[in-house]
Amino acid sequence: MERPSPVTDLDWNADRAREVTGAALDVWAELLDRIGELPPGRAEPQRDVARAMAWPVPDDPMPLDELAGLLRSLVLDHSTYPGHGAFFAYISGAGTVPGAAADLLAAGLNANVGGWALSPAASELELHLMRWLAGRFGLPDGASGLMTTGGAMSNLTALKAARDAKARGHARADGVGRERLAFYASEEAHATIVEAADVLGLGERAVRSIPADDRFRMRVDALRDAVEADISAGITPAAVIGTAGTTATGAVDPLEQTAELCARHGMWFHVDAAYGGAAILAAALAPRLRGIELADSIGFDPHKWLNTPQSSACLLVRDPAWLHASFDIDAAYVREDPELAGLGMNIGSIGPAWSRSFMALKVWMSLAAHGLDAYARRISHDAELARYLAAEVERRRELELMSPVELSIACFRYAPPDLPHGEGRDAYLDGLNERLMTAIRTDGRAYPSNAVLNGRYALRACVMSYRTEADDIDRLLDAACEVGARLDAQLRPVALAG
C-alpha cells in the first residue's frame with residue numbers, strides 16, 4: 001500500500017479562521033447595533049421561515065460572501081430576539097457579549113468535558129465554578145455539581161439520584177419493582193417534574209400535585225397531608241420539589257418549612273431554582289430564598305436571569321457522592337488508574353451525559369467580565385421594573401393585576417371598564433386576552449406570553465433582558481390597552497349577540 005497523501009481541506013489556518021469568524025462577527029455587531037429598532041418577535045408564518053431556511057448543502061465550498069448573506073438573513077430577518085428590551089415572554093435570557101466570546105473560544109478548543117483527560121482545564125474550571133455557586137447558595141463545604149443543558153436535565157438528574165437514594169432496594173440495578181415511590185411538587189411547579197417521573201419509570205401519577213396558596217406558593221399543610229396519606233398507604237415518599245421562582249408568577253415556595261418536613265420524613269429535598277436562583281446575588285431579594293441552603297440538590301440556570309448564552313444550566317448537590325452512586329459506570333474504554341496517570345474526576349461519571357461541551361466558560365466569563373456588583377444591580381432593577389409594571393397596571397382603569405410580584409414577573413389582563421360584572425365576564429375576558437396576546441406580538445411593540453391563574457387567562461411579562469427599561473414597560477401596557485380596545489370592539493358585539 002502506498003503512503004497516503006495529506007488531505008487538508010478541513011484544516012483551515014488562522015487567517016481563514018479570522019476571515020470566516022470576522023464575517024460572522026460583522027453580523028453579530030449589526031445585531032447589537034440594531035436590536036432596539038427591530039421588533040422583538042415576528043409574525044412570519046412557519047411556511048415562509050421554512051422556505052427561507054432551506055439552505056443548500058453544496059459539494060464545493062460556498063463562497064464567503066454567500067455564507068455571510070445567509071447568516072445575516074437568519075439573524076436579522078427571521079429571528080426572535082430574547083435580548084430585546086420589549087421581549088417579556090417565557091424565561092429567556094438575553095445572552096451576554098462576554099459569554100458569546102467565551103462560546104467561540106470553547107468551540108474552538110472543542111474540549112469534551114465528560115472525560116478529564118480530554119478536558120483538564122475545562123473540567124477543573126467547571127468543578128471550581130460549581131463549588132463557588134454551591135457556596136453562594138449556602139450549601140456546605142464539599143458541595144459541588146455539574147453543568148447541564150437546562151432545568152429539565154437538572155431536574156431529571158437530581159430526581160434520578162433521589163430515586164436511587166430513597167428506594168428500598170437497588171433501584172439502579174433492579175429498577176423499583178413493585179415498590180411505589182412518590183414525588184411531591186406544587187401545582188405551579190414546572191412540567192419537567194412530571195416528565196422526569198415518567199422517564200424514571202415511576203409514571204406521571206407518582207408526582208403528587210400539591211395545592212398552592214393565594215400567592216401561588218406550595219401549601220405546606222397540604223404537602224404534609226399528602227405525605228402522611230402515602231405513608232399510610234404503604235407508598236415511599238421519596239422527594240419533594242420546592243420551586244424558587246415559578247414559571248407562571250415567579251412565586252417562591254416556603255423552602256424552610258418544606259425542608260423541615262423533608263427532614264422529618266427522610267425525603268430528598270430538591271429546589272428548582274432555574275429562574276429564581278439568581279436572586280441570591282441581590283441583597284434585597286436573597287432573603288426570599290431562605291431555606292434553599294437546606295436543599296439536597298438545587299437546579300439553577302445561569303442562562304435565565306444571569307443572561308449567559310444558551311445552554312448553561314447547572315445542578316448543585318449537597319454531597320457529590322450521591323451523583324457518583326447514581327451515574328458512575330465501569331466501562332473498559334474509560335478505565336484508567338487516575339493516580340498513576342495523574343487524572344482528575346470524569347464529570348461524565350456524575351451525570352447522564354459523557355459528550356459534554358465546555359459550558360462553564362461562558363458562565364465564568366460573564367460573571368468575571370461584568371462583576372458581581374453589576375449583576376446584583378441589574379437583577380434588583382429587573383425586580384423594580386416588574387413592580388413598576390404592576391403599579392402601572394393598577395393605575396390604568398382598563399387593566400387588572402392577576403398576581404403579586406415576587407421576583408421579576410407580573411401577570412395582568414385587559415378588562416374593559418364598561419364590561420358588566422356577572423356571569424360570563426371571566427369567560428369573555430379569557431377569550432379576549434388569549435386573542436390579545438397574539439395581537440400584541442403581531443403589533444410589534446412588545447412580546448409577552450401568557451399564564452393561566454386560578455383558571456383565568458392572563459397576559460404575562462417576565463422582566464429579564466438587561467436592555468429592558470421603563471419605556472419598554474410603557475410600550476407593552478400601551479399596546480395592551482390600545483389593541484385590547486380594538487379587539488373588544490370587534491368581539492363584544494358578537495359575544496352579546498350569541
Side-chain angles (χ1 to χ4, degrees), residues 28 31-33 35-36 40 81-103 129 132-133 135-137 151 244-247 249-252 273-289 292 298 300-314 359-392 405-410 446-449 460-476:
W28 181 35
L31 173 64
L32 292 176
D33 287 340
I35 191 167
Y81 306 110
H84 195 289
F87 186 91
F88 298 102
Y90 316 115
I91 305 179
S92 297
T96 63
V97 169
D103 249 357
L129 183 63
W132 180 83
L133 283 170
R136 292 294 305 200
F137 282 108
T246 59
T247 301
T249 67
V252 179
Y275 157 45
I280 205 72
L281 299 182
L285 298 175
R288 301 184 187 192
L289 304 187
I292 199 169
I298 301 169
F300 171 50
D301 289 7
H303 64 224
K304 289 186 168 67
W305 213 354
L306 295 189
N307 285 285
T308 58
Q310 294 275 357
S311 289
S312 48
C314 65
M359 293 178 280
L361 184 61
K362 53 192 161 190
V363 179
W364 175 84
M365 193 157 171
S366 297
L367 291 167
H370 290 300
L372 291 179
D373 288 348
Y375 267 108
R377 286 191 295 271
R378 183 65 224 191
I379 290 166
S380 297
H381 185 55
D382 290 342
E384 182 182 26
L385 287 171
R387 295 192 297 272
Y388 169 75
L389 191 157
E392 284 295 293
V405 174
E406 185 76 18
L407 295 173
S408 68
I409 294 175
Y447 201 93
S449 58
R460 175 185 169 280
C462 178
V463 182
M464 183 154 291
S465 170
Y466 47 75
R467 296 184 179 95
T468 301
E469 298 297 348
D471 285 348
D472 299 295
I473 303 291
D474 294 340
R475 274 190 286 273
L476 169 65

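Note that the structure is predicted; figures quoted are calculated from it, not measured.
With rounding to the nearest 0.5 Å, the separation of CG in D474 from CD in E392 is 6.0 Å. Distance check: L372 CG to R136 CZ gives 5.5 Å after rounding to the nearest 0.5 Å. With rounding to the nearest 0.5 angstrom, the SG atom of C314 is 7.5 Å from the CG atom of L129.
When all heavy atoms are compared, the tightest approach of I292 to A273 is CD1-CB, 4.0 Å. The two residues V405 and A410 come nearest to each other via the heavy atoms CG2-CB, 3.9 Å. Minimum heavy-atom separation, Y375 to L306: OH-O, 2.8 Å. Across all their heavy atoms, G151 and A313 have their closest contact at N-CB, 4.4 Å. In terms of heavy atoms, I35 sits closest to H84 at O-CD2, 3.0 Å. V363 and S312 make their closest contact through CG2-CB, 3.7 Å (heavy atoms, listed as atom of the first residue, atom of the second, distance).
The stretch residues 359-374 participates, sequence neighbours left out, in these salt bridge (Lys or Arg N to Asp or Glu O under 4.0 Å) pairs: D103-K362.
Residues passing the side chain to side chain donor-acceptor pair (under 3.5 Å) test with S449 are R460, sequence neighbours excluded. Residues that satisfy the side chain to side chain contact (heavy atoms under 4.5 Å, CB included) test with A470, not counting sequence neighbours, are L385, Y388. With sequence neighbours left out, the salt bridge (Lys or Arg N to Asp or Glu O under 4.0 Å) criterion links E469 to R378. For T468, the side chain to side chain donor-acceptor pair (under 3.5 Å) test picks out no residue, with sequence neighbours left out. Scored by the ring-ring contact (aromatic ring centres under 6.0 Å, His included) test, F300 finds F137 as partners (sequence neighbours excluded). In this structure, the salt bridge (Lys or Arg N to Asp or Glu O under 4.0 Å) partners of R475, at least two apart in sequence or on a different chain, are D472.
Looking only at side-chain heavy atoms (C-beta outward), E384 and I379 stay at 4.5 Å or farther from each other. Between L389 and L476, the closest side-chain pair of non-hydrogen atoms falls below 4.5 Å. Y275 is not listed as a side-chain neighbour of T246, based on a closest heavy-atom distance of 4.5 Å or more. Y81 is listed as a side-chain neighbour of L31, based on a closest heavy-atom distance under 4.5 Å.
The only member of T308, N307, D301 that meets side chain to side chain donor-acceptor pair (under 3.5 Å) when paired with K304 is D301.
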Under 3.5 Å, which donor-acceptor pairs link side chains of residues 87-100 to any protein atom two or more places apart or in another chain?
| from | atom 1 | to | atom 2 | distance (Å) |
| --- | --- | --- | --- | --- |
| Y90 | OH | R441 | NH2 | 3.0 |
| T96 | OG1 | G99 | N | 2.9 |
| T96 | OG1 | S366 | OG | 2.7 |

Could you tabulate the donor-acceptor pairs under 3.5 Å formed by side-chain atoms of residues 277-286, not counting sequence neighbours?
none

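Between the S408 side chain and the A386 main chain, no donor and acceptor come within less than 3.5 Å of each other.
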